[in-house]
Amino acid sequence: MTIQQDSHDTSADTVDEIVIRDATEADRAVIQGLLHGSLRRNYDGDHVAQADRIIDAHLGGGKDPVGHFSKTQHVYVAEAGGEVVGVMNIAEKRQGTMKISPLIVNPDFRGSNGAGSALLAKSVEVAKARGVRQLYGTVAEPSSWIETFYLNRGWTCGSQSNSQYRPGVVEHAIYYNVDSDESGPVGEPLKFEEYSPSKYDELERFLISRMDVFVDGIDEEFVRALVAGHERRSSGEVESKYKEIYLGYDSDVLSSVIAFGPKKGGAVKLMPLSATSQRALQETLRFAQSWAAGRTHKLYTHQHVDPAVVTAFQSEMWTLEGLLPEAYSGEKVAAQWGWLPGETTHLGRNSDRLKAYTERFLTFVQKRGWDQLEEARSLAMAVGGEAGELLAELQWLSEPEVVELLNADREFKTKLSFEAADILNYLIRFARYCDFDLIEAADKKLAVNIDRFPVEEVHGLKGKRYKANR
C-alpha cells in the first residue's frame, strides 16, 4: 500500500529513546488512528479495516488468511516515553521479497525523533534474518518528503503508476536490496580518459566481448566506424555523426566504455555504453552526467534488460522511457533510459501534478454536490475573498518580519500555504465553470507577456518604473 515518514525537524533535546516492539491487542486503537489519519490524504479505502486485518494476521501467528503471496506478516510499533508513535507492517512474500505496507509515524514525532529510521532499520534486520533479498513498498507522489526519507537511506525509486490507489494520484514503487550493504569495501572510483589510438586493441576486445549481449553486428568493422566517428569530433557537426569516446579504468583494468553522440535537437545518445559491473555502470553514468553539464538538455541510451543494469539506472535517477523489442537483436528487448540535467525529482517527471491534483479536487467537489451550487460571480468573489485572507496574514508585517517568520515559524508558513491553496482551489473551480483550461490560458498569457516585456527593456525594473520609462 504505502509508506509514511516525514523529514521535519523536531527539538533533539526532548527526544525520548525509541523502542521497537511487537504490536499487541492493546495497540489496536492507536494503530487504527495512525493508518486512518495518514492514509486518507492520498488513498481510498477503509483504513481502519486495513489496520484490523494486519493486526489480526500478526496476532494470529503471522498468517494472513486472505494473503495469496504472503508467507508471514508482522506488525511492529515504535514507542517513545511509553507512547506508541509509529507503526510498521511487513509482509514476507513467497518470492523472497518483503513488503512494507505501511510505515507511519505520528506527525508530532517525525524527523529527528528517529522513530521512522528505527522502524526501517528493524525491517532490514528482519529481512536479513529471514533471508529476504529485497524490501519494497510504495509512496504517493504528493508526499515527496517521504520518498526523500527512503532515498537518503539507500532505497531506490523504481517505477510509477497513475491512479493506482486513488484517481489522479501517482504512486511510486521503491525498493531496497538487502544484501547491497554487504558487498565488501568499495574500491577507488573509476578513472576516465578520452580514447586514443594506442587504446584501439583494448577497446575492440572490450566491445566485441560485451556488446553482443543485446546488439547484433558488433565486430571489427563496427569498432573502426566508431573510432572514425571519434576522429571527426572536432567538426562539431551533428550531421557528421561524430562521437566522443571515453574509457573508464578500475586501477589498470578497462571496466567501462562510453561514447557520446550528439543528435539533432540537442539530445546526446550514449552508444555504446557498457560496463563490467553495476558499480562500474553507476560510476560511468555519473561521469556522463558531469559531461552533460552545459552541453545538452538530455542524455539517453538503449540498454539490455538486466536486474543489475536496471538497478544502476534507477539508482542514478534515470527514467525508463520505453521498451524496444528486437530493436538491436532478434528475440531480445532493449530499454530506452533518459536523464534530464537539473532534474530535482525522482520519477513522476513526466507526470502533470497540477492536472492530477485538479482531477482529485474536482472529484472532491462533485461528490459533495458543490458543483451544482456554483456561479461565475460567486466563484470570482471567493477568489478575491481568499486573496484578502492571505493579505490579512501579512497586513501589519514588514518584509524583514515576514522573512524571519518564514524561516522560524512553521505555523506561519502553513497558514500562508493554506490561504494560497484556497485561492488555487477557487481558480480551478472558476476555470471549470467557465470551461477553459487554466494552464493553457496561463501559457497563452505568458506568450503575450514575453512579447510585451522584452528582457532588454524590463530587466531589473518593475511596475510603475517600467511604465514610466516607456
Side-chain angles (χ1 to χ4, degrees), residues 138-139 141 144 147-148 150-151 155-162 164 170-175 190 192 210-211 213-215 226 229 233 238-239 241-246 248 256-275 277-329 332-356:
T138 64
V139 177
E141 185 175 278
S144 58
E147 184 171 319
T148 299
Y150 286 93
L151 296 180
W155 286 60
T156 298
C157 187
S159 64
Q160 67 176 18
S161 178
N162 193 13
Q164 182 160 316
V170 175
E171 195 74 10
H172 290 191
I174 61 174
Y175 64 88
L190 298 189
F192 290 89
R210 296 194 56 80
M211 289 293 291
V213 68
F214 84 110
V215 180
L226 178 67
R233 67 193 183 283
V238 172
E239 290 302 328
K241 294 191 175 181
Y242 71 90
K243 298 276 190 178
E244 287 188 28
I245 305 173
Y246 291 85
S256 76
V257 170
I258 182 170
F260 298 89
K263 298 293 184 179
K264 290 183 291 186
V268 174
K269 184 178 182 180
L270 309 181
M271 194 68 177
L273 167 58
S274 182
S277 67
Q278 180 182 321
R279 181 179 74 86
L281 179 55
Q282 287 186 232
E283 291 192 23
T284 305
L285 293 175
R286 292 175 202 146
F287 170 74
Q289 290 162 336
S290 65
W291 179 95
R295 301 193 193 194
T296 179
H297 68 280
K298 180 178 182 177
L299 297 174
Y300 74 99
T301 185
H302 297 153
Q303 293 291 314
H304 62 294
V305 179
D306 172 88
V309 172
V310 172
T311 301
F313 277 92
Q314 290 179 341
S315 296
E316 298 308 313
M317 296 182 68
W318 288 58
T319 299
L320 177 62
E321 297 183 329
L323 297 176
L324 310 170
E326 301 192 84
Y328 290 88
S329 180
K332 293 182 180 178
V333 175
Q336 176 164 316
W337 295 91
W339 182 78
L340 304 178
E343 280 289 352
T344 57
T345 59
H346 189 43
L347 287 182
R349 288 188 287 240
N350 297 321
S351 67
D352 187 337
R353 291 184 64 193
L354 181 59
K355 180 179 180 181

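A centroid separation of 6.0 Å or more is found between the aromatic rings of Tyr246 and Phe192.
By the ring pair (Phe, Tyr, Trp, His ring centres under 6.0 Å) test, Tyr242 is found to be paired with no residue, residues two or more places apart in sequence or in another chain being considered. Not a single side chain to side chain donor-acceptor pair (under 3.5 Å) links Ser277 to another residue, sequence neighbours left out. Remark: Asp306 engages His304, Ala308, Val309 in a side-chain contact (heavy atoms from CB on, under 4.5 Å) (not counting sequence neighbours). Tyr175 is linked by a side chain to side chain donor-acceptor pair (under 3.5 Å) to Gln314, counting only residues two or more places apart in sequence or in another chain. Residues that satisfy the side chain to side chain donor-acceptor pair (under 3.5 Å) test with Gln282, not counting sequence neighbours, are Gln278, Glu316. Residues forming a side chain to side chain donor-acceptor pair (under 3.5 Å) with His302 (at least two apart in sequence, or on another chain): Tyr328, Gln336. Under the salt bridge (charged side-chain N to carboxylate O under 4.0 Å, His left out) criterion, Arg210 pairs with no residue at all, not counting sequence neighbours. Legend: residues meeting salt bridge (charged side-chain N to carboxylate O under 4.0 Å, His left out) with Lys298, ordered by chain and number and at least two apart, are Glu321.
In this structure, CD on Gln160 lies 6.5 Å from CD on Glu141, to the nearest 0.5 angstrom. One finds the CG atom of Leu285 at 10.5 Å from the CD atom of Glu283 (value rounded to the nearest 0.5 Å). Distance check: Met317 CE to Trp339 CH2 gives 10.0 Å after rounding to the nearest 0.5 Å. In this structure, the separation between CZ on Arg279 and OG on Ser315 is 14.0 Å, given to the nearest 0.5 Å.
In this structure, Leu273 and Leu281 have side chains that are in contact, with non-hydrogen atoms separated by less than 4.5 Å. Counting heavy atoms from C-beta on, the side chains of Glu147 and Cys157 come closer than 4.5 Å. Annotation: side chain of Arg295 is not in contact with side chain of Phe260 (no heavy-atom distance under 4.5 Å). In this structure, the side chains of Lys263 and Tyr300 come closer than 4.5 Å at one or more pairs of heavy atoms. A 4.5 Å side-chain heavy-atom check between Ile245 and Leu226 finds at least one atom pair inside the cut-off. Leu190 places none of its side-chain heavy atoms less than 4.5 Å from the side chain of Phe287. Between Leu324 and Val333 the shortest side-chain heavy-atom distance does not fall below 4.5 Å. A heavy-atom distance below 4.5 Å is not found between the side chains of Pro262 and Thr296.
Ser329 and Val215 get closest at one heavy-atom pair: CB-N, 4.4 Å. Closest of all the heavy-atom pairs between Ser256 and Thr284 is OG-OG1, 2.9 Å. The two residues Thr301 and Leu270 have their closest heavy-atom pair at OG1-O, 2.7 Å. Residues Lys332 and Val213 approach most closely at NZ-O, 2.9 Å, considering heavy atoms. The shortest heavy-atom contact between Leu340 and His297 is CD2-O, 3.6 Å. Smallest separation of non-hydrogen atoms from Gly261 and Lys243: CA-CD, 4.1 Å.
The backbone N or O of Glu239 sits nowhere less than 3.5 Å from a side-chain atom of Lys264 that would complete a donor-acceptor pair.
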Criterion side-chain contact (heavy atoms from CB on, under 4.5 Å) on Leu299 and Trp318, from CA distance to verdict: CA-CA 9 Å; Leu299 297 174; Trp318 288 58; 3.7 Å; yes
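Aromatic ring pairs are classed by plane angle as parallel below 30°, tilted from 30° to 60° and perpendicular above 60°; the pair Phe313 and Trp337 is parallel.
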